[in-house]
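This structure is a prediction, so every number in the text was calculated from the model and none was measured.
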Amino acid sequence: MTGPGWPAWGAGARPWVLLDRDGTLNHECHYLNDPAALELLPGVLSALARLQARGVGLAVVTNQSGIARGLITSAQLDAIHERLTNWLRQAGVELAGIYVCPHGPADHCACRKPAPGLARQAARDWGIDLSRAWVVGDKRADLELATAVGARGVLVRTGYGRETEQTLGASRPVDWTVVEHLEGAADAILAALDIPGQATPGPAQPRST
Ligand SMILES: [Mg+2]
Ligand SMILES: [Zn+2]
C-alpha cells in the first residue's frame, strides 16, 4: 500500500486501523444478509480517505455469527463485501482485507472478537505492529480486542456505541477513546499521528460527554 504523497513509513512502522463493520462503517442491521440493504454511515468514506492519505493501513475485522446461526450464507456475505469494497474503491479507499469470524459464541473459536485471532492474522499478512494500531468499533468486544492485542481502542457512538458507552462506566481503561462517529475516530487518530515523537497512538482523548 503505497501512493503518491504518502509518508514513507518504514517497514513495520505504518500505523494501522482495524475497523469493525456493522455499526461502524455501515448502519447496524440485525444479521444483514441482503447486499442491497448495506448502507454506509455518513462520513465514512471521507474518514477512511483521510486516514489512507496519511499512509494509515486499513482492514476490516468483523464477527459474522449469522453464518453459524444459518441466517446468512457465505455467498451473501461475499456479495455484501464486494459491494462494500466497490463503494470504498470508488472513493479511492483500498482495504487490505476483510477478516471474518463466521462462528457463534458457542464455538469458542480463536477468532470471534474479542479473541485476537483475526487481528493476529491481519498482522501476519501485512506485517502490522499491533502496538501501533487502533481498533475502532461500536461494541465492548472491539475495545477488548484492542486491549487483547496491545492496540488502542476507539468506541464510536454509532451502531450500538451509545449503549456500549453506558455499560463502560468508570472501569473504562484509559486507552479506550470514545468519539461520535468514524470521522471523530479519524480526527483522534490523525491528531495522535501529529504529535512529534508519537507516531504511535497518542494519549486517550478526554471523554466528551
Ligand atoms: Mg459493530
Ligand atoms: Zn471465529
I'd like to check [X] versus [Y] (side-chain heavy atoms, cut-off strictly below 4.5 Å). Are they in contact?
| X | Y | answer |
| --- | --- | --- |
| Leu155 | Thr177 | no |
| Val156 | Glu180 | no |
| Trp176 | Arg140 | yes |
| Leu25 | Leu41 | no |
| Trp134 | Pro15 | yes |
| Asp129 | Trp16 | no |
| Val61 | Ile98 | no |

How about [X] and [Y]: does a side-chain donor come under 3.5 Å of a side-chain acceptor?
| X | Y | value |
| --- | --- | --- |
| Gln90 | Asn86 | no |
| Asn63 | Ser65 | no |
| Asp22 | Tyr160 | no |

Under 3.5 Å, sequence neighbours excluded: what are the donor-acceptor pairs made by side chains of residues 27-35?
residue	atom	partner	partner atom	Å
Tyr31	OH	Arg69	NE	2.9
Asn33	ND2	Leu71	O	3.1
Asp34	OD1	Ala36	N	2.9

Inset, instruction - Output, in order, the C-alpha distance, side-chain angles, deciding distance and verdict of salt bridge (Lys or Arg N to Asp or Glu O under 4.0 Å) for Arg54 and Asp194. - result: CA-CA 10 Å; Arg54 283 292 303 275; Asp194 280 338; 3.1 Å; yes

Inset, instruction - Dump the intermediate steps for salt bridge (Lys or Arg N to Asp or Glu O under 4.0 Å) on Asp142 and Lys113, then the final yes or no. - result: CA-CA 7 Å; Asp142 298 304; Lys113 294 181 289 185; 2.7 Å; yes

Inset, instruction - Please identify each residue that fulfils side chain to side chain donor-acceptor pair (under 3.5 Å) with Arg50, with sequence neighbours left out. - result: Glu183, Asp187

Inset, instruction - Could I get the full list of side chain to side chain donor-acceptor pair (under 3.5 Å) partners for Thr158, not counting sequence neighbours? - result: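 Thr158: no side chain to side chain donor-acceptor pair (under 3.5 Å) contacts found.
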
Legend entry - Nearest atoms (heavy-atom pairs only) where Thr164 meets Thr167: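 Heavy atoms only, the tightest pair is O-OG1, 2.7 Å.
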
Inset, instruction - Looking only at non-hydrogen atoms, find the nearest pair between Ala185 and Val154 and report the distance. - result: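 Where Ala185 meets Val154 most closely, the heavy atoms are CB-CG1, 3.8 Å.
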
Legend entry - N-O pairing of Arg83 and Glu39 below 4.0 Å: no

